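Read through the structure below, which is laid out as structure tokens, and then see the notes.
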There are 2 protein chains.
Amino acid sequence: MESSSIVAALSSLAQETRLAVFRTLVEAGPDGMAAGAIAERLKLPAPTLSFHIAQLERAGIVASRRAGRSIMYAAHFPAMQALIEALTESCCAGNPEACGFPKPKSKRRKVAA
Amino acid sequence: MESSSIVAALSSLAQETRLAVFRTLVEAGPDGMAAGAIAERLKLPAPTLSFHIAQLERAGIVASRRAGRSIMYAAHFPAMQALIEALTESCCAGNPEACGFPKPKSKRRKVAA
DNA sequence: ATGATATTTCGATATTTCCAAAATTATGGA
DNA sequence: TCCATAATTTTGGAAATATCGAAATATCAT
């Protein structure tokens, strides 16, 4: 993962409102939630939510799809996984096991068939 | 982990210079590096490094100790671990295995003797 | 088409963050 | 004590980010 992508992903989560939005979406599951429902749940004015969720989307942390008049947002788990792996790598690189994780060297290996 | 601590930790890493500093410190290992050495390595003016590394320290991501005239900074691995675990939890909560991690429910269990 | 609803974009302001030169503080050696 | 070195704090200005009302856009139902 590119250093700039890591920074972008971290930045997108490094804000109370956006972290709350992301958590709400994780809770909501793969189908996600409509923008309006998120705004209502978090008591956010629509433009404020829109501003923040756009950043999460730009960072690839959430995905959107239109459903009628609504726009459904959902957590994008692979991106989150990639971020966590990148952090783990950053953390452990050159210092294997310092982090206490099982496989510090390589990216998690695919399950052999 | 408190939501505000997560945001603080993420914010501290969500910046190119600070991420580079952190990585340098991970590479340096548990003994860490003197502020001046970090600044030289990353070609940063001393006040700029000081500004950024203070944020990493406030977030608990790095630790410092004085050694003579120098101040040694070192990555604080437990904090990084906690952050990664918090993210994993945020990511997986309510959606176990969506993230593809082995033990999605509880905090990593200690290695049985 | 017209109206109602859902959301985003625009615009203006307030706040925070970033940067680095200048000044300050802390430490150790002669 | 005086000097040199290592770092931080202060300072101030530029740039980026946050907030949210008003306006614009998109979609569906009639």
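Throughout, a chain's letter reflects where its sequence line sits, starting with A, and its residues are numbered from 1. Computed from a prediction, not measured in an experiment: that's the story for all the values here.
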**OP:** Would you mind classifying the nucleic acid contact of A/Ala46 as base, sugar-phosphate or nothing, using non-hydrogen atoms under 4.0 angstrom?
**Re:** base
**OP:** Specify the separation, in whole Å, of atom CG of B/Leu49 and atom P of C/dA21.
**Re:** 14 Å
Original post:
With A/Tyr73, which of A/Leu56, A/Leu49, A/Leu25 fulfils side chain to side chain contact (heavy atoms under 4.5 Å, CB included)?
Top reply: A/Leu25
Subject >> Side-chain N,O (B/Tyr73) to OP1/OP2 (D/dT8) below 4.0 Å >> reply: yes
Original post:
How many Å lie between CZ on A/Arg69 and P on D/dT27, as a whole number?
Top reply: 11 Å
Subject >> Short side-chain N/O contact from B/Ser50 to OP1 or OP2 of D/dA7, under 4.0 Å >> reply: no
Original post:
Is the phosphate of D/dA6, meaning OP1 or OP2, less than 4.0 Å from a side-chain N or O of B/Arg66?
Top reply: no
Subject >> Protein-nucleotide distance (A/Leu44, atom CG; D/dG21, atom P), rounded to Å >> reply: 12 Å
Original post:
So what does A/Pro47 hit on the nucleic acid, given a heavy-atom distance under 4.0 Å: a base, only sugar-phosphate, or nothing?
Top reply: base
Original post:
Over how many whole Å does the gap from B/Glu16 atom CD to D/dA15 atom C1' extend?
Top reply: 16 Å
Original post:
Can B/Ser4 and A/Glu16 be counted as having a side-chain donor-acceptor contact under 3.5 angstrom?
Top reply: no
Original post:
Does B/Met80 reach the side chain of B/Ile61, with side-chain heavy atoms less than 4.5 Å apart?
Top reply: yes
Original post:
NZ of A/Lys43 versus P of D/dT19: gap in Å, rounded?
Top reply: 17 Å
Original post:
So, is A/Arg18 near the phosphate of D/dA18, with a side-chain N or O under 4.0 Å from OP1 or OP2?
Top reply: yes
Subject >> Side chain of A/Ile71 - closest among C/dT7, C/dA20, D/dC28 >> reply: C/dT7
**OP:** Just do the side-chain contact (heavy atoms from CB on, under 4.5 Å) check on A/Val62 and A/His76 with the steps written out, would you?
**Re:** CA-CA 5 Å; A/Val62 310; A/His76 189 232; 5.5 Å; no
**OP:** Could you check whether A/Ala34 gets within reach of a base, just the sugar-phosphate, or nothing at all, counting any heavy atom under 4.0 Å?
**Re:** sugar-phosphate
Original post:
Which whole-number value in Å describes the distance from B/Ile53 CD1 to C/dA20 C1'?
Top reply: 17 Å
**OP:** By nearest nucleotide on DNA chain D, pick out whichever of B/Phe51 and B/Ser70 is the more 5' one.
**Re:** B/Ser70
Original post:
Using a cut-off of less than 4.0 Å, is there contact between a side-chain N or O of B/Gln15 and OP1 or OP2 of D/dA15?
Top reply: no
Subject >> Rounded distance in Å - CD1 (A/Ile38) to C1' (C/dT8) >> reply: 14 Å
Subject >> side-chain contact (heavy atoms from CB on, under 4.5 Å) evaluation trace for B/Ile6 with A/Arg23 >> reply: CA-CA 12 Å; B/Ile6 297 178; A/Arg23 283 172 150 168; 3.4 Å; yes
Original post:
What integer distance in Å separates B/His52:NE2 from C/dT16:C1'?
Top reply: 14 Å
Subject >> Sugar-phosphate, base or nothing in reach of A/Gln55, heavy atoms under 4.0 Å >> reply: sugar-phosphate
